[in-house]
There are 2 protein chains.
Amino acid sequence: METLLPKFDSVFSIDCVIFGFDEGELKILLIERNEEPFKDWWALPGYIVEQEESIDHAAERILYELTGLRDIYMDQFYTFGDVNRHPQGRVITVAYYAMIRLNGSKELKPISNYASKAVWISVNDLPKLAFDHEKIFSRGFEKIRNKISYQPIAFELLPEKFTLTQLQQLYEVILNKKLDKRNFRKKMLNYGILKELDEKQKGVSYRAAKLYKFDKRKYTRLFQKELTFGK
Amino acid sequence: METLLPKFDSVFSIDCVIFGFDEGELKILLIERNEEPFKDWWALPGYIVEQEESIDHAAERILYELTGLRDIYMDQFYTFGDVNRHPQGRVITVAYYAMIRLNGSKELKPISNYASKAVWISVNDLPKLAFDHEKIFSRGFEKIRNKISYQPIAFELLPEKFTLTQLQQLYEVILNKKLDKRNFRKKMLNYGILKELDEKQKGVSYRAAKLYKFDKRKYTRLFQKELTFGK
DNA sequence: ATATAGTGTGTATTTTCTACACTAAGTAAT
DNA sequence: ATTACTTAGTGTAGAAAATACACACTATAT
């Protein structure tokens, strides 16, 4: 609820935890700041929301400016509003996570002006981050870890055609545990949200695996039904 | 990520979806606005975040000013940042839900100055709301509906001592479906997070039911373990 | 004593979860 | 062509959890 609209001396920003999956590792995109405060520190990509744009729009814009990619799966997950999270004044930040298909090609459109570079870094190997960005990252990671248990967000991270082993590896890195191959396949195939293709993996020096596609139509039907607690 | 700190012409508010359970109905607290815009409309309780307070603190403060209650279960669930959600300018609002033990006594501390009254209204019987508050409510309701499936938030809504039937009724109104009594009890008691008391319901004109308490210690141990996807 | 209204309980069936190990298929080297 | 190598692909049995379902018990009020 809001009544008067006093001018308010605060700033609004977006920060993004951008996930990618490559070489069997879960990575996030970090930028190196080239301005104070936290000059030369690693940080989550983010920027200030403009006066005349929605926060969702700002999140998409920031992602686009950094990666050149549009139409990416993004989801707002938490807003961080402690008084002293920014050393220069009050900054409230809305955090989003995004998922990007890396497809082996890690090249990104080059970068806005506040960062000297952007790189993909494995979530197991993160440096210290600027501001409260470690907290933001943790919360985002936790969020997708929970979410993957009941929603097939994994498919946003994989190439369009993938093998079951790749899918399993992705689950394993997100959940941080080994899964049983047979049980995993049984469960996944039972969902009925995978389309088996007539195609096989190429360029591997061993038996090639079948490729699969994610069937979005069937997924939507399946996951509309509510969860847990039957009659 | 934030660099410069331009003065920014926007306002930050908190809106709260405050749930209570009474007479077998799930209710939320609404206020009647006495100022423009939306004068005389029903709205979610909310207010502007102050310069020097965290958003969590603001949420607690607003709840306190409205109800006189502290130490209430509150959780941030979404931030609404469309450009035109407020007719008089840019207002970004962080939404929280809260859960209150009504205990039959619905009286609240009287109210801040922007509202002429506050009342509990059944979620099945909501009027039109100011701003985008219907959207905010829906999202909050959805949130607790999901959450109750894996976390015992229901206990925040019940009196300290409650019967299994009351607990079941609460699940039923939140999930909006009938549950089987025997299965429900079996499941709940199996969790081992309920303490059976030596006490019975009083003042009923039929066989009195046993009272139970929620065992927070046991709960914490139980729900630390992660969910889904075994080996 | 009787009517009433809600409490409290058990079992059989189905479904889902878990544990577990070998053969099949393709590639690469000789 | 044979062999060695590497990953793909598959089934079953037991345990645990979820579901469906109906009646006797108890306290109160009259």
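In this text the structure is predicted, and so the values were computed from the model without any measurement. Throughout, a chain's letter reflects where its sequence line sits, starting with A, and its residues are numbered from 1.
Interatomic distance, B:L179 CG to B:Q168 CD, rounded to the nearest 0.5 Å: 5.5 Å. Taking CD1 of A:I28 as the start and SG of A:C16 as the end, the distance is 11.0 Å to the nearest 0.5 Å.
Distance B:N190 CG to D:dT19 P: 14 Å, rounded to the nearest Å. In this structure, the CZ atom of B:F184 is 16 Å from the P atom of D:dA20, given to the nearest Å. The CD atom of B:Q169 sits 11 Å away from the C1' atom of C:dG6 (whole-angstrom rounding). Here the C1' atom of nucleotide D:dG9 and the CG atom of A:L211 are 15 Å apart, to the nearest Å. Rounded to a whole Å, the CG atom of A:D180 is 14 Å from the P atom of D:dG11. Taking atom OH on A:Y191 and atom C1' on C:dT15, their separation rounds to 14 Å, with Å as the unit. In this structure, the CE atom of B:M188 is 15 Å from the P atom of D:dA17, given to the nearest Å. Taking atom CD of residue A:E196 and atom P of nucleotide D:dA8, one finds them 15 Å apart after rounding to whole Å.
When the nearest nucleotides of DNA chain D are assigned to A:K186 and A:K210 by heavy-atom distance, the more 5′-ward of the two goes with A:K210.
Using a 4.5 Å heavy-atom threshold, the side chains of B:D132 and B:D82 count as separate. Under the 4.5 Å side-chain criterion, counting only non-hydrogen atoms from C-beta, B:V123 is not in contact with B:V173. A 4.5 Å side-chain heavy-atom check between B:E65 and B:R61 finds at least one atom pair inside the cut-off.
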Practice task
Produce a footprint string for nucleotides 22-30 of chain D: one letter per nucleotide, 5' end first; B if the base is under 4.0 Å from any protein heavy atom, S if only the sugar-phosphate is, - if neither.
Solution key: B--BBBSS-

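Remark: B:Y96 engages no residue in a ring pair (Phe, Tyr, Trp, His ring centres under 6.0 Å) (not counting sequence neighbours).
If you check every strand for non-hydrogen atoms under 4.0 Å, B:T165 touches sugar and phosphate atoms only.
The minimum heavy-atom distance linking B:G20 with B:L157 is given by the pair CA-CD2, 3.7 Å.
Residue side chain A:N183 reaches the base of C:dA19 through a donor-acceptor N/O pair under 3.5 Å, judged by distance alone.
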